[in-house]
Amino acid sequence: VWGDQAEPIDVVGLDGDDTLWRCEDLFHEAQRHFRAMLADFADDETVDATLSRVERGNLALFGYGIKGFALSAVETAAQLAGPHLSAALVEQILDLARGMLSAPVELLPGAAEAVAALRDAGHRVVLVTKGDLLDQERKLEQSGLADAFDHVEIISEKNTVKYAELLRVLGCPPERFLMVGNSVRSDIVPVVELGARAVHVPYHLVWDHEHVGSWAGHPNVIEIANLSELPALLATASAVRPG
Ligand SMILES: [Mg+2]
């Protein structure tokens, strides 16, 4: 297929956040509110830079997701406000996180149709997502797609080791696996390292941390504008060559 591979695709892995449903918009909006909360203590650039540094430092222990963000926001506020950090401000930050955790799930264009079409075409369709377990389960449930997947994998980190484990559990050789997602770091690079194929669906907002790596020119990767292009791409995959 593309990458001059002849193996048919058995399993299609789909990323959740910013591939099937919107996510980064929530963080973007929350960060805007967070800057306003700290306006008495620091300018916007300082708030952003401090939060980014604190989040990176905490990732290995807190993991991805809204709860990790909230803890890092409290730590950032403590650093910037010092002894002026009030209980009211901590409460505001927690309210911000609660709002994010209960925000309605908004599917991206073509997502539901693509999942249905892939299953109709005989592929096994698997959700592969990272972040808070509770939050990802809630989003899957609210998305209406819970019954559409053959398997759901919510993992702490998307790296080559985790993908290899997943393929072993699914009994799928890498040559027959395709991963579809918005993050080059999480959905593309570790997958093609295994010899599998990937479809990059860029999203207009990218968190700093995910803004790493490049697949430019890699023969196992192809880019589409949104998920509605995916079923036709797979159907005609043998005719496709990366541009
Ligand atoms: Mg994503």
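Note that ligands are numbered from 1 as they come in the structure, with each ligand's atoms numbered from 1 the same way. On a predicted model such as this, the values are computed, not experimentally measured, just so you know. Along the sequence shown, the residues carry numbers beginning at 1.
Note on Asp150 versus Arg119: salt bridge recorded, some NZ/NE/NH1/NH2 to OD/OE distance being below 4.0 Å. At a threshold of 4.0 Å, the pair Glu29-Arg32 counts as salt-bridged, since one of the basic side-chain nitrogens sits closer than that to a carboxylate oxygen.
Looking at residues two or more places apart in sequence or on another chain, you find no side-chain hydrogen bond (donor to acceptor under 3.5 Å, both in side chains) involving Ser156.
For the Mg ion (ligand 1), the neighbouring protein N/O/S atoms at less than 2.8 Å, given as residue and atom, are Asp15 OD2, Asp17 O, Asn182 OD1.
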Side-chain atoms of residues 65-76: list all donor-acceptor pairs with protein atoms under 3.5 Å, sequence neighbours left out, distances to 0.1 Å.
{"residue": "Ser72", "atom": "OG", "partner": "Asn58", "partner atom": "ND2", "Å": "3.0"}
{"residue": "Ser72", "atom": "OG", "partner": "Gly68", "partner atom": "O", "Å": "3.2"}
{"residue": "Glu75", "atom": "OE1", "partner": "Asn58", "partner atom": "ND2", "Å": "3.1"}
{"residue": "Thr76", "atom": "OG1", "partner": "Ser72", "partner atom": "O", "Å": "2.7"}

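Within the structure, ring-ring contact (aromatic ring centres under 6.0 Å, His included) contacts touching residues 138-187 (residues at least two apart or in different chains) do not occur.
Counting heavy atoms from C-beta outward, Glu55 and Phe62 have side chains that stay 4.5 Å or more apart.
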